[in-house]
**Student:** 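Please find one structure pasted underneath; my questions will follow.
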Amino acid sequence: MNIKGGITSDGIQPDREIDACGLMCPLPILRARKALSEMKTKQVLLVYSTDLGSKEDFSSFAEQTGNVLLASGENEQGVYWYALKRK
């Protein structure tokens, strides 16, 4: 899956996006947590990260918080992305 203009290739359109590129654990998760806390139920957050560990971190984060990890992937530039739906 790729990101094209803020929309994932499977058609997920986020309500909000955050760029956590260049930040190492736990900062991408902390930024996502803060953003989700400011969003309404069922809104979608798209997070960009270059931290290799974020793959496991976002999966665990979703399970622990009750938010839904709708999709994730890596784009051509090696940036990981995560689409999370607010619980």
Side-chain angles (χ1 to χ4, degrees):
M1 291 186 205
N2 295 320
I3 299 294
K4 296 180 181 172
I7 300 175
T8 64
S9 60
D10 57 351
I12 298 171
Q13 186 167 0
D15 296 289
R16 184 169 175 187
E17 297 179 35
I18 59 170
D19 184 353
C21 291
L23 301 176
M24 301 304 289
C25 181
L27 291 175
I29 292 293
L30 294 175
R31 297 248 172 119
R33 180 185 304 272
K34 182 178 185 312
L36 285 166
S37 73
E38 299 167 353
M39 296 171 67
K40 296 179 183 175
T41 299
K42 297 187 180 180
Q43 284 189 316
V44 176
L45 173 66
L46 186 60
V47 181
Y48 301 99
S49 176
T50 50
D51 180 10
L52 180 61
S54 67
K55 290 179 174 183
E56 291 183 26
D57 293 343
F58 275 95
S59 178
S60 296
F61 171 74
E63 287 180 30
Q64 291 173 3
T65 62
N67 296 296
V68 179
L69 181 60
L70 297 173
S72 63
E74 182 179 358
N75 69 16
E76 298 84 23
Q77 294 80 31
V79 175
Y80 305 106
W81 59 269
Y82 308 93
L84 295 153
K85 183 187 279 187
R86 171 92 155 83
K87 65 178 177 177

**Student:** Could you check if a side-chain atom of D57 sits within less than 4.5 angstrom of a side-chain atom of C25, using non-hydrogen atoms only?
**Tutor:**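 Yes. Closest side-chain heavy atoms under 4.5 Å.
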**Student:** Drop me the distance from L45's CG to E38's CD, to the nearest 0.5 angstrom.
**Tutor:** 10.0 Å
**Student:** Report the distance from atom CZ of R31 to atom CG of D19, rounding to the nearest 0.5 Å.
**Tutor:** 9.0 Å
**Student:** Take I12 and K85 through the side chain to side chain contact (heavy atoms under 4.5 Å, CB included) test and state the conclusion after the steps.
**Tutor:** CA-CA 10 Å; I12 298 171; K85 183 187 279 187; over 6 Å; no
**Student:** C21 and V79: which non-hydrogen atoms are nearest, and at how many Å?
**Tutor:**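 Residues C21 and V79, closest heavy atoms: SG-CG1, 3.7 Å.
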**Student:** So, for T65 and R33, which heavy atoms are closest and what is the spacing to 0.1 Å?
**Tutor:** CG2-NH1, 4.0 Å
**Student:** Would a single hydrophobic cluster contain both V47 and L70, if residues Ile, Leu, Val, Met, Phe, Trp and Tyr are joined by side-chain heavy-atom contacts under 4.5 Å?
**Tutor:** no
**Student:** Would a single hydrophobic cluster contain both L30 and L23, if residues Ile, Leu, Val, Met, Phe, Trp and Tyr are joined by side-chain heavy-atom contacts under 4.5 Å?
**Tutor:** yes
**Student:** Which heavy atom of A35 sits nearest to which heavy atom of M39, and what is that distance?
**Tutor:** O-CG, 3.1 Å
**Student:** Contact between F61 and L69 at the side-chain level, heavy atoms closer than 4.5 Å - yes or no?
**Tutor:** no
**Student:** Find out if a path of hydrophobic residues (ILVMFWY) with successive side-chain heavy-atom gaps under 4.5 Å connects L46 to L36.
**Tutor:** no
**Student:** State, yes or no, whether a side-chain contact exists between R86 and N67 at a heavy-atom distance under 4.5 Å.
**Tutor:**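 Contact flag for R86/N67 side chains = yes.
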**Student:** Using the side-chain hydrogen bond (donor to acceptor under 3.5 Å, both in side chains) definition, which of the options W81, Y48, Y80, Y82 pairs with S54?
**Tutor:**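 Single pass found, and it is Y82.
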